[in-house]
Amino acid sequence: MSSDNGVPFQDHITELRRRVMYSAIAILITTVIAFIFHEQVLTLLMQPAQGFTNIPSGKPIYTDLTEFISTAMKASLLVGLFAALPFVLYQMVMFVAPGLSPSERRYLYTMLPAVVLAFMLGAAFGYRVLFPPAIHFLLSFGSDIATPYIRIGSYVSLMISLLFWMGVVFETPIVLFFLSRIGVVSPEQLGRQRRYAIVVAFILGALITPTFDPINQTLVALPIIVLYEVGIWLAKIGARQRSRQRANEAA
C-alpha cells in the first residue's frame, strides 16, 4: 500500500511515530525542568492574586496530602507544554510538508510562528489584564460574610484553564485567514455575521471568566470583537491571495 505521492504507507506511520516521539521527549524535558523550578512557577501563577494579601495567612492552602505535589506537577506540565509548543508544531509541519506543494509549504511555514505568537499573546493578555481584576473580585466578594480559604489546587486549575482558553481565543484572526485562504468563508460573509459575532463574544466572555461581573466579562468580549475585526481584514488578504493563485493556475 502506498500514498498518493508514492511513499509507502508504512513509511508514513514510521515517520509519524518518530515525530510524536521527538515531541514527547521535548515535552518531557521541558516539564522536568519546569518541575525543578515549580516554586517559581507557582509563585508566578499566583501573582494575579497579588500574593493573596486579602486572605488569612496570605497564601492558599491545601487540604489533601498529595494536593500540593499534584498541583506542582500540573503547573509544570502546563509550562512544559508552553515551552515545547514551537518544537511540537515544527514536528507537525515537517510531517505534513512532504505532501504539500512549495507554495503551500511556504504558507505553512509562515503560519507556524503566527500561531505560536497569537497563543502566547492571548495567555499574556489573560494573565496581565483579565485575571487580576477577576481574582480580586472573587476574593473580595462576600468576604464580610465568609472567610476565603483558597485551595491551591482549585486556583491553579482555574488559572490553567483561563490561560488556555485565552490563548485559543487569540487564534481567531489566524483561523479566519486560513478559512478565507482555502475558500470556506469570504470577507463579505464575515462582515454580514458581525452582529452575531458580537453576541457570541459576550457569551464567550461569560463562559471564560469565572465571575458574573459584567466588567470582567466585557474585558474578554471586547478583545474577541477586535480580534474578529482583525480576522475580517486578514480574510480579505487571504481571499486576494486565493484569487491570484487561481488566476495563475488558470494562466
Side-chain angles (χ1 to χ4, degrees), residues 1-34 75-127 160-187 190 223-224 227-228 230-249:
M1 181 181 295
S2 63
S3 60
D4 295 338
N5 57 7
V7 179
F9 182 76
Q10 185 62 36
D11 290 350
H12 283 295
I13 297 299
T14 302
E15 178 69 9
L16 177 61
R17 289 175 179 172
R18 187 166 66 92
R19 298 294 179 184
V20 171
M21 182 183 67
Y22 289 164
S23 300
I25 292 174
I27 294 173
L28 178 62
I29 293 173
T30 53
T31 300
V32 170
I33 294 174
S76 300
L77 179 60
L78 169 70
V79 175
L81 288 172
F82 278 7
L85 181 61
F87 182 81
V88 173
L89 291 178
Y90 172 77
Q91 294 300 320
M92 294 172 58
V93 169
M94 294 304 295
F95 174 72
V96 301
L100 303 177
S101 66
S103 61
E104 290 172 334
R105 282 198 292 268
R106 288 195 299 269
Y107 170 69
L108 193 59
Y109 294 152
T110 304
M111 292 286 291
L112 177 60
V115 169
V116 176
L117 180 61
F119 189 88
M120 295 302 179
L121 286 176
F125 173 83
Y127 182 84
I160 290 175
S161 175
L162 293 179
L163 283 170
F164 173 77
W165 286 113
M166 288 307 302
V168 170
V169 164
F170 269 63
E171 301 288 348
T172 301
I174 299 176
V175 172
L176 295 181
F177 171 78
F178 176 76
L179 293 178
S180 175
R181 184 66 176 78
I182 63 178
V184 175
V185 298
S186 67
L190 296 175
I224 295 176
L227 291 169
Y228 185 82
V230 173
I232 294 177
W233 178 72
L234 291 177
K236 293 178 181 179
I237 298 177
R240 286 197 294 266
Q241 291 179 351
R242 177 177 171 82
S243 298
R244 285 197 298 266
Q245 181 181 0
R246 296 180 67 179
N248 293 334
E249 291 174 352

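In what follows, every heavy atom counts, from backbone to side chain, and hydrogens, waters and symmetry copies are set aside.
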message = Apply side chain to side chain contact (heavy atoms under 4.5 Å, CB included) to residues Gln241 and Phe177 and explain how you reach the verdict.
response = CA-CA 11 Å; Gln241 291 179 351; Phe177 171 78; 3.6 Å; yes
Derivation and outcome, side chain to side chain contact (heavy atoms under 4.5 Å, CB included), residues Thr30 and Val79 = CA-CA 8 Å; Thr30 53; Val79 175; over 6 Å; no
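- Remark: Ile27 CD1 to Leu85 CG distance equals 9.0 Å, nearest 0.5 Å.
- Classified by interplanar angle (parallel below 30°, tilted 30° to 60°, perpendicular above 60°), the ring pair Phe119/Phe82 is perpendicular.
- The distance from the CD1 atom of Ile174 to the CG atom of Leu117 is 7.5 Å, given to the nearest 0.5 Å.
- Contact detail for Ala235 and Leu190: the closest heavy-atom pair is CB-CD1, 3.7 Å.
- When all heavy atoms of Gly238 and Ser180 are compared, the closest pair comes out as C-OG, 3.9 Å.
- Using a 4.5 Å heavy-atom cutoff, the side chains of Met21 and Arg17 are not in contact.
- Closest of all the heavy-atom pairs between Ala123 and Leu163 is O-CD2, 3.4 Å.
- Here the CE atom belonging to Met120 is positioned 13.5 Å from the CZ atom belonging to Phe170, to the nearest 0.5 angstrom.
- Between the CZ atom of Phe95 and the OH atom of Tyr22 there is a distance of 14.0 Å, given to the nearest 0.5 Å.
- The neighbour count for Met92 CE, taken as heavy atoms of other residues, nucleotides or ligands under 6.0 Å away, does not exceed 12.
- Atom CD1 of residue Ile224 and atom OG1 of residue Thr172 lie 7.0 Å apart, to the nearest 0.5 angstrom.
- Remark: the backbone N or O of Leu176 is not paired with any side-chain donor or acceptor of Tyr228 at under 3.5 angstrom.
- In terms of heavy atoms, Gly80 sits closest to Ala34 at N-CB, 4.5 Å.
- The distance from the CD1 atom of Ile25 to the CD atom of Gln91 is 10.0 Å, given to the nearest 0.5 Å.
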request  = Kindly indicate, with the supporting measurements, whether the criterion side chain to side chain contact (heavy atoms under 4.5 Å, CB included) is fulfilled by Met166 and Tyr127.
outcome  = CA-CA 9 Å; Met166 288 307 302; Tyr127 182 84; over 6 Å; no
inquiry  = Between Ile237 and Arg240, is the side chain to side chain contact (heavy atoms under 4.5 Å, CB included) condition met? List the steps.
reply    = CA-CA 5 Å; Ile237 298 177; Arg240 286 197 294 266; 3.6 Å; yes
